[in-house]
Amino acid sequence: MDIEKINGALEGCDNFLISTGNILSINDITKKVNLNTSDELVDAISFTLKEFQDNGVLQTQSDHLLVISRHNDNLKISEHELADLKIGFKVFLNSDDPDSLTEAIQKALIVLKVESINDVIVTFKQKIGNQNDNLNQIQSTWSVLENLIKKGQIKQIGIADIEESAFRALYDWAKVKPSIIQINLSTCCVVPPTLQSFCKEHDIKLLTHSDPLDLLPVESIESIFGTPLILKWALRFLIHVKCRGVLTTKGYLLNLVKN
Amino acid sequence: MGLLTEGSPLSWEETKKLAPHVRQHGITQFINLYKKLRDREGDVLKWGDEVEYIIVKFNDEKKQAKVSLRGDELLTVLNKKELEDPNGVKSLWRPEYGAYMIEGTPGRPYGGLLAHFNIVEANMRLRRKEVTELLKADEAIMSITSFPRLGCEDFTHPPTKPTPDQGATRSLFFPDDVIFPGHPRFKTLSRNIRMRRGEKVAINLPVFRDKNTKIPIDDSYKHDRAALPDHVYMDAMGFGMGCCCLQLTFQACNITEARTLYDQLTPLCPIMLAFTAASPLYRGFVTDVDCRWNVISGSVDCRTEEERGLKPLKENTFVINKSRYDSIDSYLSPQGEKYNDIPLLYNKEDYQKLVDNGIDPLLAGHIAHLFIRDSVSLFSEKVHQNDEEDSDHFENIQSTNWQTMRFKPPPPHSTIGWRVEFRPCEAQVTDFENAAIVCFVVLLTRVILSYQLNFLIPISKVDENMQKAQKRNAARDQKFWFRRDITTHVSPPAAAECCRTGTSNCDVKECDMFGQMTVNDIINGKEGEFPGLIPLINNYLAGMDVDADTHCTIQQYLKFIQRRAAGEILTTASWIRKFVTEHPDYKHDSVVSEIINYDLLKTVKDIQTGDKYCPLLLGVSTMSKTKESIPSALSDDC
C-alpha cells in the first residue's frame with residue numbers, strides 16, 4: 001500500500017469516511033476464508049484504499065466529508081424489491097456520544113440509498129458489565145435508537161456484548177424494548193438459562209456474533225494508514241433476501257479522524 | 001414421491017406399445033407446464049429431507065438379524081394418521097421398493113430461516129420414534145444404506161423363497177415376496193425392466209480380497225452366465241432399490257436459480273457420495289466398494305443388448321452409455337453449457353418440438369434426453385390424459401430417470417415452485433449424522449447463491465469422480481477433480497484462455513482451473529490452494545442472523561463433517577468394514593456370517609439410540625441443541 005499517496009489525498013482533511021461497498025464481490029476476501037472480523041475489515045479497507053487510489057474519484061457528502069469508496073461497486077440493492085430485503089446495521093461505538101450513532105446510521109442510509117432499514121444493533125468497545133450504573137452508558141445512545149424507531153426508520157433495535165443484569169436493566173428502563181441481544185459465539189453454547197428464558201418470555205432474539213470488542217485496534221489503523229487515526233465509529237451493513245437465506249451485501253462504513 | 005395412486009398396471013407388451021404415446025404426451029405436458037410456469041418468480045426457500053429406513057427383526061437367542069417385511073402394515077397405520085390430519089402430522093411416510101422399507105419426510109417443508117436447521121434432527125428423531133412405537137420389541141427401524149445379508153438364505157421375516165423360474169424378478173437370491181406388496185408399481189417395474197432388457201439385471205461387485213477369500217466366492221457363476229466368479233453377483237432390482245438413501249429437495253426462487261443450483265451441486269455429488277459412503281457389504285460379502293450407487297444403477301438397467309452396445313442396433317435407436325439410474329449428462333445453466341462435454345442423446349423430433357415451443361436448447365436437450373428412456377410402468381387409468389391439466393406422462397419418465405440431481409418443475413395447480421433434488425448421499429446410522437449432512441448441503445446452496453460461487457467442471461470429470469467415489473476408502477484415499485478458483489467476479493486470464501480453446505481439449509494442468517483434491521481438501525480447504533467448503537460456510541454464517549441454539553447445532557454438525565472429512569473419524573463404510581473384519585467370527589474370507597450381521601446391526605442400533613458411545617464413527621460430541629419448533633421471536637422474520 002502506498003501510504004504516502006493516501007496521506008497526500010487525506011491532507012488537509014481531518015475527518016473522513018471509508019465505505020468498503022459490498023465486500024462479497026471482492027474475490028480475494030471470499031477466498032481468504034479464515035479471516036476474523038478484524039482481519040477481514042483490514043483487508044476490506046486496504047482494498048478500498050487501493051481501488052480509490054487507482055480511480056482517484058473524490059466523492060464528498062453534503063457535509064464535505066471526504067468519502068473513500070470503491071469505484072463501480074455493486075450493492076445489489078436495486079436487483080431486488082426493497083420489500084424482499086432485510087437490511088441490518090451493527091454499529092461499533094467508541095464512546096457513548098449519541099451523535100456518533102446518529103451520524104453512523106444517517107451516513108449508512110445515504111450510502112445504501114434507502115430511507116429505512118430493519119434493525120440496528122449497537123455495541124461498545126468495552127463490554128457492558130454487571131453494574132446497573134453501566135446503564136448510563138447505554139441510555140443516551142438507546143434514546144437515539146428509540147427516536148429512529150418512532151420516525152419509522154428502524155423496525156427493531158438490539159444490543160451486543162452486554163451482561164444479563166445490565167440487559168434486564170435496559171429492558172426495564174427502555175421505552176422501546178430491545179428486540180435483539182447479540183452474544184459472542186465463543187460463549188454461546190453456555191448461554192445462561194436465565195437469559196434464555198428471559199429472551200423467550202419477552203420474544204427477544206438471542207443471536208450470536210463473532211466480532212471482537214475492539215473491531216479495529218490502533219495497531220491495525222497505524223499499519224494501514226501509517227498514522228494513528230482515531231476510529232470514531234464503524235458500521236457494518238448486512239443485506240439478506242428475506243426467507244431465502246441469501247446474503248446479498250456485506251460492507252463497512254467507518255469514520256476516522258485525525259488526532 | 002407423493003402418495004401413490006393405485007391402479008391396474010398394464011402388461012409389458014401393452015406398456016411397450018404405448019411407449020411412443022407416453023413420450024409424445026409427456027413432452028407436450030412438459031411444454032404446457034413450462035409455458036405456464038417459466039416466469040414464476042419470488043418463491044421462498046423451502047426444503048425437506050427424505051430418509052429411507054429398513055425394519056430389522058432381531059432374534060437374540062439365535063443371534064440372527066433379518067429384514068422384517070412389515071412396511072405395508074406400518075404404512076397403513078402411518079398413512080391413516082396423515083389422512084385424518086394432513087396438515088397437522090409432523091412426518092409423512094411413503095412406501096419404498098423393499099417390503100422391509102419405509103421412507104419418512106418432515107410433515108411440512110422447512111423454511112428459509114437459519115433457525116430451521118435446528119429442527120431437522122428433532123424431526124428425524126420424532127420420525128424414528130413414531131415408527132418405533134408401532135414396532136415389536138424385537139424390531140428396530142434403522143437408517144442403514146444396505147442390509148448386509150440381503151439376498152442370503154433366509155434373510156427375511158417371515159421367511160420367503162426366491163423363484164428363479166417365475167414371477168417378476170426371477171432372481172436366484174431375491175424373492176418377489178420381498179418387494180413392497182402394497183402397490184403394484186414396484187413389482188411391475190421389476191418385471192418390465194427385466195423384460196425390456198431381455199434378461200435379468202446383472203450386478204457384479206468386486207469382492208474384498210482378504211487372505212482367506214475363496215475364488216470363486218460362490219457358485220453363482222454356475223447358474224448364471226452373467227456372474228463373475230470373483231465378484232459378488234446380484235441379479236435383482238431389489239439389491240439396488242432395496243438400499244436406503246438420504247435425499248433432499250429445495251425450492252428455488254425461480255427457474256433460473258433452480259438451473260444454477262442444479263448445475264452447481266452436480267460436481268458436489270461424487271464428493272458427497274464418497275463422504276457419506278455407507279455400504280461396503282452386499283449379499284453377505286465384504287466387497288471392494290463403499291457405496292450403493294453402481295449397485296442401484298445396475299439394478300434398474302433396462303437397456304437392451306443393442307443399447308448396451310453388445311449387438312448392432314436393429315430394434316433400438318441408440319447405444320446408451322448409462323443406466324437410467326446414474327449421474328446427470330448435462331448442465332442446465334448458461335454458465336454450465338461450455339462444460340457439457342459428453343454427447344447428449346435424444347430423439348431429434350422431441351428436441352425440435354421443445355425448441356419450437358420456446359424452450360432453450362439446454363433445457364430442451366435435458367428434457368429430450370430424459371425421454372430416451374421408455375416407460376417401465378404404466379397404469380391403464382393413466383393412459384389417456386388431458387395434456388393441458390395433467391403431467392403424469394411427464395412424471396412417469398422423470399420419476400424413472402433416477403439421476404444424481406433432479407430438476408423438478410412445479411406440479412400443476414400447486415403453490416410449489418421450481419425445485420432441485422440432491423440424490424447422491426447414502427443414509428447414515430444416526431439422526432445426528434443425517435441432519436448434519438442435510439444441513440451442510442442446504443447451507444452450501446445458500447453460500448453458492450450468496451457468494452455466486454462456481455464449482456463447475458467438465459461433466460465428463462464429474463462422471464470420472466463418480467466412479468472414484470465408490471472405491472474402498474475413497475473419502476480418504478482418492479483424489480477428485482475439483483475446481484480451484486470458485487469465485488466468479490473476475491475471470492482470470494487463464495480461465496478465459498481455457499474456455500476459448502474448449503474445455504474438452506483443454507489441458508487441465510496448463511489452464512489450472514481444475515485440480516485433483518481429496519475430500520478433505522475440498523471440505524476443509526488446503527492452504528494456498530482451496531478455501532474449503534466449511535470455511536466458506538462459516539464465513540457466510542458470520543454475515544447471517546443466527547440464534548444461539550441454532551448456532552451451536554450448526555457448529556456441531558460442521559465440526560462433525562470437518563472431522564470425518566479429515567479422516568479423524570471414520571466414514572460409515574470404513575467403520576462397518578472395521579467392525580466386520582475385526583469381529584471374532586470373521587475368518588478373513590470376506591464372508592459376513594449371520595452372527596457378524598447380528599452383532600453389527602445390534603451395535604448400529606445401540607449407536608443410533610445413543611445407548612452406545614462411538615467416537616470412532618461420530619467423534620466425541622454429538623449433542624446438538626435441536627428443538628421441535630422455532631422460537632416465536634424468529635419465526636416472525638419469515
Side-chain angles (χ1 to χ4, degrees), chain A residues 22-37 40 74 76 80-81 84 86 88 118-119 121 156 158 179-183 185 187-191 195-196 199-200 202-211 236-251, chain B residues 42-46 111-117 251-253 257 442-443 445-453 485-490 492 525 527 530-552 555-556 623 625 631-634 636-638:
Chain A
N22 186 7
I23 67 168
L24 297 187
S25 64
I26 304 177
N27 284 345
D28 289 341
I29 292 182
T30 304
K31 280 189 266 188
K32 266 180 159 178
V33 278
N34 291 316
L35 297 177
N36 62 36
T37 310
E40 179 186 81
N74 182 2
K76 298 224 165 187
H80 300 266
E81 295 285 333
D84 292 337
K86 181 180 172 296
N118 197 78
D119 53 73
I121 295 169
Q156 295 190 320
S179 308
I180 304 162
I181 176 168
Q182 223 191 22
I183 58 175
L185 57 77
T187 56
C188 96
C189 281
V190 283
V191 182
L195 178 62
Q196 279 216 324
C199 290
K200 203 174 166 194
H202 298 282
D203 253 1
I204 296 162
K205 294 180 196 170
L206 177 56
L207 304 180
T208 59
H209 72 81
S210 51
D211 304 318
R236 177 173 59 219
F237 48 90
L238 291 168
I239 308 180
H240 308 123
V241 187
K242 277 181 198 165
C243 303
R244 285 182 47 214
V246 174
L247 178 65
T248 61
T249 314
K250 175 181 186 178
Chain B
D43 285 309
V44 298
L45 171 63
K46 282 188 183 170
L113 291 172
L114 287 176
H116 282 102
F117 292 117
Q251 176 170 280
C253 68
E257 187 183 277
V442 180
L443 275 169
T445 64
R446 302 304 103 186
V447 174
I448 289 167
L449 294 173
S450 295
Y451 293 94
Q452 298 179 4
L453 299 180
D485 187 358
I486 53 173
T487 54
T488 52
H489 291 280
V490 191
E527 184 78 47
F530 187 74
L533 303 179
I534 297 257
L536 283 163
I537 290 176
N538 276 324
N539 242 26
Y540 157 83
L541 288 171
M544 300 299 292
D545 293 333
V546 195
D547 66 278
D549 283 345
T550 304
H551 174 81
C552 282
Q555 286 309 318
Q556 292 285 344
M623 290 302 288
K625 299 223 169 183
S632 60
L634 295 162
D636 295 344
D637 282 357
C638 210

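Protein chains get the first letters and strands the later ones, always in sequence-line order, with residue 1 at the start of each.
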Please report, to 0.1 Å, the donor-acceptor pairs under 3.5 Å made by any side chain of residues 539-548 of chain B, with sequence neighbours excluded.
unit_1 : atom_1 : unit_2 : atom_2 : d
B:Y540 : OH     : A:G245 : O      : 2.5
B:D545 : OD2    : A:K86  : NZ     : 2.7
B:D547 : OD1    : B:T550 : OG1    : 2.6
B:D547 : OD2    : B:D549 : N      : 3.4
B:D547 : OD2    : B:T550 : N      : 3.1
B:D547 : OD2    : B:T550 : OG1    : 3.0

Where on [X] is there a heavy atom nearer than 4.5 Å to chain B: the side chain, the backbone, both, or neither?
X: A:S210; value: side chain
X: A:H240; value: side chain
X: A:L238; value: side chain
X: A:K205; value: both

Region of [X] in contact with chain A, defined by heavy-atom distances below 4.5 Å:
X: B:I448; answer: neither
X: B:L113; answer: neither
X: B:L449; answer: both
X: B:E257; answer: side chain
X: B:N538; answer: neither

Query raised in the report: Using a cut-off of under 4.5 Å for heavy-atom pairs, which of A:V241, A:V33, A:N118 has the most such pairs with chain B?
Result: A:V33
Report summary line: Checked A:L35, A:D203, A:I121 vs chain B; the most non-hydrogen pairs under 4.5 Å come from A:D203
Report task. Go through the structure and list residues passing ring pair (Phe, Tyr, Trp, His ring centres under 6.0 Å) with A:H80, not counting sequence neighbours. Result -> none
Query raised in the report: If you count heavy-atom pairs under 4.5 Å with chain A, which of B:I486, B:T445, B:V44, B:L114 comes out on top?
Result: B:V44
**Report entry** Side-chain heavy atoms of A:L207 within contact of B:L634, under 4.5 Å
**Finding:** yes
Report summary line: Interatomic distance, OG1@A:T30 vs CG@B:D485, rounded to 0.5 Å, equals 10.0 Å
Report task. Measure the CD-NZ distance between B:Q452 and A:K76 for me, rounded to the nearest 0.5 Å. Result -> 3.0 Å
Query raised in the report: Between the side chain of B:R446 and the main-chain N/O of A:R244, is any donor-acceptor distance below 3.5 Å?
Result: yes
